Amino acid sequence: MKKLRLGLWVVTLGFVTAALFHPTWVLLQPVYRYLMVVDITQSMHARDYHLLGLPSERLAFAKAALEQAILNLPCGSQIGLGIFTHKDTELLLEPLEVCQHAPSLRTALRNIDWRSAWAADSFIAYGLFDALRAAEGLQADLVFLTDGDQFPKTPSDPGFFGRPARGWLVGVGGMRPVPIPKLDFEGRLLGYWQITDLSRDRDLLPRRAELLLSRLDETHLRQLANITGLEYFQLMTPQQLVQNLRRPDLAKTLPTEVDLRPWLGALAFFAALAAMLI
Amino acid sequence: MEEFHYRIPWRSRNVHPGHHRSQIQGVGLEFRGHATLIDYPDPRKLDIHASLHDPFGQHKVKLFSQTSLIPILVVADLSASMGLGTKPKLLSRLAAAIAYSAYRTGDLFGFLGVNDRIVLQYPLRFSKCLALELKHRLEKGPFQGKHLGMLRVGPYLGRQRALLFLISDFHFALTEVEALLTRLKPHDVVPVALWMSREWQAPARWGWAKLYDPETGHRRFLWLSPSSQAKLACAFCNRREQLIALCRRYGRPPFFIEDEFYPEKLTQYFLETCA
Amino acid sequence: MPEIGFAHPLWLFLLPLATLPYLPFARRQLPYPALAVLTGIASTTWPEKLHKACSCAFLSCLIVSASCPFVKEQKVARLGQGAHIVLTIDHSSSMNENFSGRYFGGSAHETKSAAARRLLIEFIRRRPKDLFGVVAFSTAPRQVLPLTADKEAIIAAVGALGMRGRGLTNIAPGLAMALETFRGQPLTGSRVILLVSDGGARIDPDVQDRLRQDFQDLAVNLYWVYLRNPSGVSVLNPPKRRLSETSAPEIFLHQYFQTLGVPYRVFEAENPQSLAQAIATVETLENRPLPYFETLPRRDLSPYGFGLALILGVPLLSWAALEIERWLA
């Protein structure tokens, strides 16, 4: 009995001494490196999300979902930010580690503003290909959030000649057509876009006094996803985005050192407790 | 079966013949005096020499004391402290030896096992097998509780003066020992102290122990070092002297049994105390 | 007051178990009948109390160390040399040209945008005490990051400008947005807008007035690093010919900036070397006393805890070795 007790004490002190040397265990932890590009064109103002506590605007909803993703990706993951408008993707931030730079990332995400758009037209295919080039340059996977609403409607997409990419094409918005709010430069609601508001030289459109409606153009987005190798899903909840972003096959492995001291400390604790109580 | 010889310095009043000197006049070897044949008409004991010398010419007969038996009583402390170490074994050996010796001497034997109350009682009897029974019974013995029941055994001891073996470890306050001896004063009390030398010889030179008294539940911390062990032994020495002094005042000095029971020593004890 | 944090706080739930040595069943006692005999030996209780306290402290130490406590990063207010700088960077398509004015012409020369990015990143790295913000502009401006001490994020934002620029050089909205960055911030040091552009643009008179007002209200210094093509006009040595606002908007912009009523300098850079020189000059200019926060890195306290546990544990081990477990029984 005494031998057992002394043995336990020696084991305890052994664990404590071991813990003093700060042992670590190298684990391959899944981390992610994403470039997140948000569509900031006018149609992203349309309001078709109805979730409690979350904004209803497509752009604001997408931003809220991305914020959730920043908060929920494992430490060591990196996120870059970009915006898409017209034919181009503009990079805002190169990928940054999500835990250490979460405040900066969130501020930058909140600062994304539709007013940074420099043209009202949008050609999603060009923007997507641009984003894919940027993501390839940054060795990141792409997350492209758009409602697929393209204006003016183009009969066909340009060909894709890049390498098939990994990542997500995220459809933002709902299936039901909703009107697009027209905002002034301060963000106040002026009314809704009418078909007649569109510039006159685009004669292909019927000229009727009718609201311009926007819905998630899933067919087009699926098509784009198919040719670029991305996967498509419709954004329903922030959790769903987080879940998809954390999919293991998109993970890169980062050797992380797991601190063994808590475990050694706990083992020492229980050994000492046993030595005291038996 | 171990046995020893015991003797008493007083006279028994028991009418039954036995082994001990008594106040009863009868058939014996101890000459008590002369009486007239008229008073004790037993011509077999006619003392011719005394009759011739009698100035009144009366016939004298010799009177003798008979030897009587005495009751042997054992009051054993069965409190929790007696259950430790080799004490139960010693106790059972001792009790069996007393019972067997009483049988062999021809005395009545009674046993009272006491802790908080009387838990084991064999009334006075003359039995050969009691020794064996006691031996087996006491080894298991219900050693628990305190010794306080010993203060209340008086009524169970009978009216005759008995040779009473008071077996305990006497590990309680001297005032309590004194109170106990006072109550047992009608009897010839032989205090038997069962001690173990391990009680003052610690198992290690250095160390510490948290001790508790199984009877009172008192606790204390004891640090053991060569110097504190000397103190420990000294405490027991003092205790022994105090016990001897106290018991002497009430008759006999205590008989100490340390670790081993030697019946011869008990015989010697009786020889020394009843010279 | 330093704040203490725990890397693995869940372990702390075990902390109540550290009081187990105080519970009665944790007492190991030896039955000893002769306590009444020992009255002559002085009884002490402090070794037992000390032992219990030590056991309790040892267990607590282990648990607390296992939860890896650390002193949180502390921000210590210091007074240093520095400034609040908003980098206002032109990201128009003309920035993709190199200094010779050719679009991806000579492979030996880096583009203006790349040179500016490289030098700015070095600049940021050299100024650890400054707060930086980033505003990029082409046709429309965008505020990438407000004033922040997160240097890596600033570098990532400046680095992101290495991608191809697009659109026109539209200075006014960019400046307006850069000025907005300062609005509402406490005025604790010198404020600087470092405008990096390769050309000017016409600014409407009413916009000019509004910008002038803002510059004065917010007390912002302006430094314009003008990345000039060799063929472009020089603002410092304007050609002696009649200029119009459309042919040489830079001259007029320079004239306008001089009327702002706040400290203003222009640096002309024709090549990466002169650009580096210009940035070095800005660096020497903006060295005024600035209260800034220095971040002391988090300090791990767990080694101290385990050390203390070891210091407590060795006596406990020897104490356990001295315990007498069998005596009379």
Side-chain angles (χ1 to χ4, degrees), chain A residues 1-2 5-6 8-10 12-13 15-20 22 80-83 85-97 100-101 103-105 107-108 111-113 115-119 130 133-134 137-138 259 261-270 272-273 275-278, chain C residues 7-8 11 14 17-18 20-21 25-26 55 58-59 62-68 91 134 136 138-146 148 150 152-168 170 173 300 302-303 305-307 309-310 313-314 316-317 320-321 323 325-326:
Chain A
M1 203 61 179
K2 182 157 182 177
R5 209 169 286 156
L6 283 183
L8 280 170
W9 270 109
V10 169
T12 304
L13 292 192
F15 281 141
V16 173
T17 318
L20 273 175
H22 198 326
L81 287 177
I83 51 177
T85 182
H86 193 59
K87 290 181 175 181
D88 309 307
T89 290
E90 281 285 347
L91 200 57
L92 291 180
L93 280 180
E94 286 184 333
L96 275 175
E97 202 273 330
Q100 211 183 336
H101 300 288
S104 298
L105 275 169
T107 336
N111 278 341
I112 290 179
D113 193 294
R115 280 165 287 196
S116 302
W118 53 88
D130 204 17
R133 271 195 298 278
L138 295 171
D259 197 350
R261 288 178 308 175
W263 299 100
L264 285 174
L267 283 175
F269 173 79
F270 285 115
L273 207 57
M276 286 175 194
L277 296 186
I278 59 168
Chain C
H8 307 276
W11 287 114
L14 289 178
L17 291 183
L20 282 180
F25 63 82
S55 310
F58 178 71
L59 292 176
L62 285 180
I63 286 300
V64 172
S65 313
S67 61
C68 289
H91 198 217
V134 178
S138 53
T139 314
R142 52 182 190 271
Q143 189 189 65
V144 182
L145 283 169
T148 170
D150 189 350
E152 278 185 58
I154 293 289
I155 289 168
V158 174
L161 296 173
M163 254 184 88
R164 260 162 52 91
R166 282 165 190 103
L168 311 168
N170 196 357
D300 194 2
S302 173
F306 280 119
L310 199 60
V314 171
L316 282 172
L317 168 65
E323 184 179 353
E325 301 199 330
R326 291 170 64 86

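Residue numbers start from 1 in every chain, and the chains themselves are labelled A, B, ... in the order their sequence lines are given, proteins ahead of strands. Here the structure is a predicted model, which is why all the values come from computation and not from measurement.
- Across every non-hydrogen atom of C:Leu59 and A:Ala272, the tightest pair is CD2-CB, 3.8 Å.
- Proximity to chain C is limited to the side chain of A:Arg5, based on heavy atoms less than 4.5 angstrom apart.
- Nearest heavy atom pair, residue C:His8 against residue A:Pro262, reads CD2-CG, 3.4 Å.
- Put simply, CG on C:Asp150 and CD on A:Gln100 are 7.5 Å apart, with the number rounded to the nearest 0.5 Å.
- For C:Leu14, the parts lying under 4.5 angstrom from a heavy atom of chain A are both the backbone and the side chain.
- Taking each heavy atom of C:Cys68 and A:Arg261 in turn, the nearest pair found is SG-NH2, 3.9 Å.
- Remark: C:Ser65 OG to A:Leu264 CG distance equals 11.5 Å, nearest 0.5 Å.
- The contact between A:Ile83 and chain C is made entirely by side chain atoms (from C-beta outward), counting heavy-atom distances below 4.5 Å.
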A:Glu90 vs C:His91, test: side-chain contact (heavy atoms from CB on, under 4.5 Å). Steps then yes/no. CA-CA 10 Å; A:Glu90 281 285 347; C:His91 198 217; 3.1 Å; yes

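- Once rounded to the nearest 0.5 Å, the distance linking CD1 of C:Ile154 with CG of A:Leu93 reads 8.5 Å.
- Looking at A:Arg115, only its backbone comes within 4.5 Å of chain C, counting heavy atoms on both sides.
- Here the closest non-hydrogen pair linking A:Met276 and C:Pro21 is SD-CG, 3.7 Å.
- Of the two parts of C:Thr148, only the side chain, counted from C-beta on, holds a non-hydrogen atom closer than 4.5 Å to a non-hydrogen atom of chain A.
- Nearest heavy atom pair, residue C:Ala309 against residue A:Val16, reads CB-CG1, 4.2 Å.
- When heavy atoms are compared at a cutoff of 4.5 Å, A:Asn111 approaches chain C by way of both its backbone and its side chain.
- Judged by distance alone, with hydrogens and angles left aside, the side-chain atoms of A:Lys2 form no donor-acceptor pair with the main-chain N or O of C:Arg326 at under 3.5 Å.
- Interface remark: of the candidates A:Asp259, A:Leu13, A:Val10, A:Leu13 forms the most heavy-atom pairs closer than 4.5 Å to chain C.
- Neither the backbone nor the side chain of C:Ala136 comes within less than 4.5 Å of any heavy atom in chain A.
- The candidate with the highest count of non-hydrogen atom pairs below 4.5 Å against chain A, out of C:Ala140, C:Ala156, C:Ala321, is C:Ala156.
- For C:Val314, the parts lying near chain A are the backbone and the side chain together; criterion is any non-hydrogen pair under 4.5 Å.
- The candidate with the highest count of non-hydrogen atom pairs below 4.5 Å against chain C, out of A:Ser104, A:Ala268, A:Pro103, A:Ala275, is A:Ser104.
- Distance OG1/A:Thr107 to CG/C:Leu145: 6.5 Å, rounded to 0.5 Å.
- Ranked by heavy-atom pairs under 4.5 Å with chain A, the first of C:Ala157, C:Pro173, C:Ala18, C:Ala7 is C:Ala157.
- Taken to the nearest 0.5 Å, the CG atom of C:Leu310 stands 11.0 Å off from the OG1 atom of A:Thr12.
- C:Asn170 does not touch chain A: none of its heavy atoms, backbone or side chain, sits under 4.5 Å away.
- Both the backbone and the side chain of C:Gln143 come within contact range of chain A, judged by heavy atoms closer than 4.5 Å.
- Between A:Trp263 and C:Trp11, the ring-plane angle classifies as perpendicular under the 30° and 60° cut-offs.
- Contacts between A:Leu6 and chain C at a heavy-atom distance below 4.5 Å involve backbone atoms as well as side-chain atoms.
- For the atom pair C:Leu62 CG and A:Leu267 CG, the distance stands at 10.5 Å (nearest 0.5 Å).
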